[in-house]
Amino acid sequence: MAQTAASDLTFEAPDEEVAREIRSALAEWFHHEQRDLPWRRTRDPYAVWISEAMLQQTRVEVVLDYWPRFLRAFPDVHALARATDEAVLEAWSGLGYYRRARALQAAARVIDEEHGGVFPTDHDEVLALPGVGPYTAGAVLSIALDLPEPIVDGNVERVFARLFHLDGVRGSGPLMRAAWSAARYFVAREDDRVPPRVWNQALMELGALVCTPRGPRCGACPVGEWCAGRAAGVADDLPRPKPKRPPVEVRLETYLAERDGRWLVVQRPEEGLMAGMWEFPTVEVDGPGLFPGELPGGLGARLEPAEELTTMRHGITKHRITVSVRRATCADPGSKSARWLEAPEVRELALTGMARKLAERLDAWESGLGA
DNA sequence: AATCCGGGGTT
DNA sequence: AACCCAGGATT
């Protein structure tokens, strides 16, 4: 390497020949070791885009369940553009970051109306789509269309931080700038036969399978001989962890009100946390912080809590939630944002994660069967 | 630059 | 339990 003990955050390009060897070795490894992921079997920009949107801060294993279902429900841009908000949210239920689902549909409508239903191939036009940032734009253009667009996700940031001994904090501006610089350098080279599609996916796959966040398998790494972090014995310590903040404890009560085999469900407000999702009536116990302190629409006044059925633990980003699940009776007739539904109908709604956990257990709580 | 937004598999 | 994941929008 031309670089010695780089402790700063400047990416210095390796020698031409080294760069070629790195690219060649990683591509070769990728061809043998890559996972057989369904979205790697298509080059349809729309299908790739859906996969990338789902994969934002979401594990591959989770997306495996959702991607095929979503594509069956909305096979192309036009189908997604004319779908109802509710149908899209329902297909997204459980994936989290529900803003993504809204943005996805908004972007589909932009493509449908302004690009004739054809996914744009211009970088700036892709980047302008709602919910599409630098990573997703580069990912779709490189993976689907094989254009030389760089990408940096959590995997790529980590791989470059170790490979070039970039000593920075995970997700920080300086490290991200250095990683993007390295990504641009490698993907733009045309001195060999490694296509952008292969290079970008190989980088991420290396981060997922070998250059893992903790306990990297350096012995199995195809580019280990060029790795400055490994040579310095600090691969496992890069990138440096982001300073953590203590989680916020939240106590909630959720009410399961049943009437004639139907359960009371309510819809969350259109703005804010888990916007528009359905759940069982829920309030925060010790003063409103994460959730409202009382139920909307005067529902709380007509809802009579009864015995506790169970308690659950749940996490929402920085919040650690303890939920007391109580049986309840309610005289509320239902409304636009409050419905009485049978258990199977409840399970078809766009539920929050917490509500989905409970919905799976509703049958055990039908009256007469006990807890 | 910091903060917010879900949920879950790994370790 | 802590960590962090094929990030983007908002402030």
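Numbers restart at 1 for each chain; the letters A, B, ... are given by sequence-line order, proteins then strands.
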Sorted by number, residues from residues 75-89 of chain A placing a heavy atom under 4.0 Å from DNA chain C are none
Between CH2 of A/W39 and P of C/dA6 the distance, given in whole Å, is 10 Å
Cluster membership besides A/L127, Ile/Leu/Val/Met/Phe/Trp/Tyr side chains within less than 4.5 angstrom, sorted by chain and number, is none
From CG of A/D236 across to C1' of C/dC4 the rounded distance in Å is 14 Å
Checklist entry - Once the angle between the rings of A/F11 and A/F186 is folded into 0 to 90°, is it parallel (under 30°), tilted (30 to 60°) or perpendicular (over 60°)? => result tilted
Residues of residues 246-254 of chain A with a heavy atom under 4.0 Å from any atom of DNA chain C, listed by number, are none
For A/H319, the side chain to side chain contact (heavy atoms under 4.5 Å, CB included) test, sequence neighbours excluded, returns A/V248, A/V250, A/L290, A/T317, A/I321
A/E271 atom CD is separated from C/dT11 atom P, nearest whole Å, by 11 Å
Looking at A/R313, I want to see if its CZ is surrounded by more than 12 non-hydrogen atoms of other residues, nucleotides or ligands under 6.0 Å.
yes
Whether each nucleotide of nucleotides 4-11 of chain B has a protein heavy atom under 4.0 Å at its base (B), only at its sugar-phosphate (S) or at neither (-) is summarised, 5' to 3', as SBBBBB--
Whole-Å distance, A/L37 CG to C/dA6 P, equals 10 Å
Besides A/L299, the hydrophobic cluster formed by Ile, Leu, Val, Met, Phe, Trp and Tyr side chains linked at under 4.5 Å, directly or via other members, contains A/Y255, A/L264, A/V266, A/V283, A/L295, A/L303, A/W340
A/R240 atom CZ is separated from C/dC4 atom P, nearest whole Å, by 13 Å
Only pairs under 3.5 Å count here: list side-chain donor-acceptor contacts from residues 347-354 of chain A, not counting sequence neighbours, and write none if there are none.
residue, atom, partner, partner atom, Å
A/R347, NH1, A/A359, O, 2.9
A/T352, OG1, A/A355, N, 3.2

A/A137 and A/V132 have their tightest heavy-atom pair at N-CG1, 3.6 Å
Hits for side chain to side chain contact (heavy atoms under 4.5 Å, CB included) against A/P45, two or more places apart or cross-chain, chain-then-number order -> A/F119, A/V140, A/A144, A/L145
With sequence neighbours left out, the residues meeting side chain to side chain contact (heavy atoms under 4.5 Å, CB included) with A/R99 are none
A/D153 meets the side chain to side chain contact (heavy atoms under 4.5 Å, CB included) criterion, sequence neighbours left out, with A/Y135, A/N155, A/V156, A/M204
Sorted by number, residues from residues 139-148 of chain A placing a heavy atom under 4.0 Å from DNA chain C are none
Quiz item: Which part of the nucleic acid does A/T136 contact within heavy-atom distance under 4.0 Å: base, sugar-phosphate only, or nothing?
Solution: sugar-phosphate
Note to self: Once you apply a heavy-atom cut-off of 4.0 Å, does A/P130 come out as touching a base, just sugar-phosphate, or nothing?
What the structure shows: sugar-phosphate
A/L104 CG to C/dG7 P, in whole Å, measures 15 Å
> For A/R158 and C/dC4, is the shortest distance between a side-chain N/O and OP1 or OP2 below 4.0 Å?
Replying inline: no
**Heavy-atom check, side chain of A/L147 versus side chain of A/P196, under 4.5 Å** = no
(Q) Distance check, P atoms only: B/dG8 and C/dA9, in whole angstrom units. (A) 24 Å
Here the ring-ring contact (aromatic ring centres under 6.0 Å, His included) pairs for residues 12-40 of chain A, sequence neighbours left out, are A/W39-A/W67
Looking only at heavy atoms, the pair that brings A/Q56 and A/G131 closest together is NE2-O, 3.5 Å
Taken to the nearest whole Å, CD/A/E157 to P/C/dG7 is 10 Å
Please step through side chain to side chain donor-acceptor pair (under 3.5 Å) for the pair A/T254 and A/T282, ending with a clear verdict. CA-CA 4 Å; A/T254 288; A/T282 300; 2.9 Å; yes
Between C/dC4 and B/dC5, how many Å separate the two C1' atoms, rounded to a whole number?
15 Å
side-chain contact (heavy atoms from CB on, under 4.5 Å) test vs A/E86 passes for just one of A/L89, A/T84, A/V88, namely A/T84
Tell me what A/V63 touches on the nucleic acid: a base, only sugar-phosphate, or nothing, going by heavy atoms under 4.0 Å. nothing
*asked:* Say we look at C/dA6 and B/dT11: how far apart would their P atoms be, to the nearest angstrom?
replied: 12 Å
Here the distance between atom C1' of C/dA6 and atom CZ of A/R40, to the nearest Å, is 9 Å
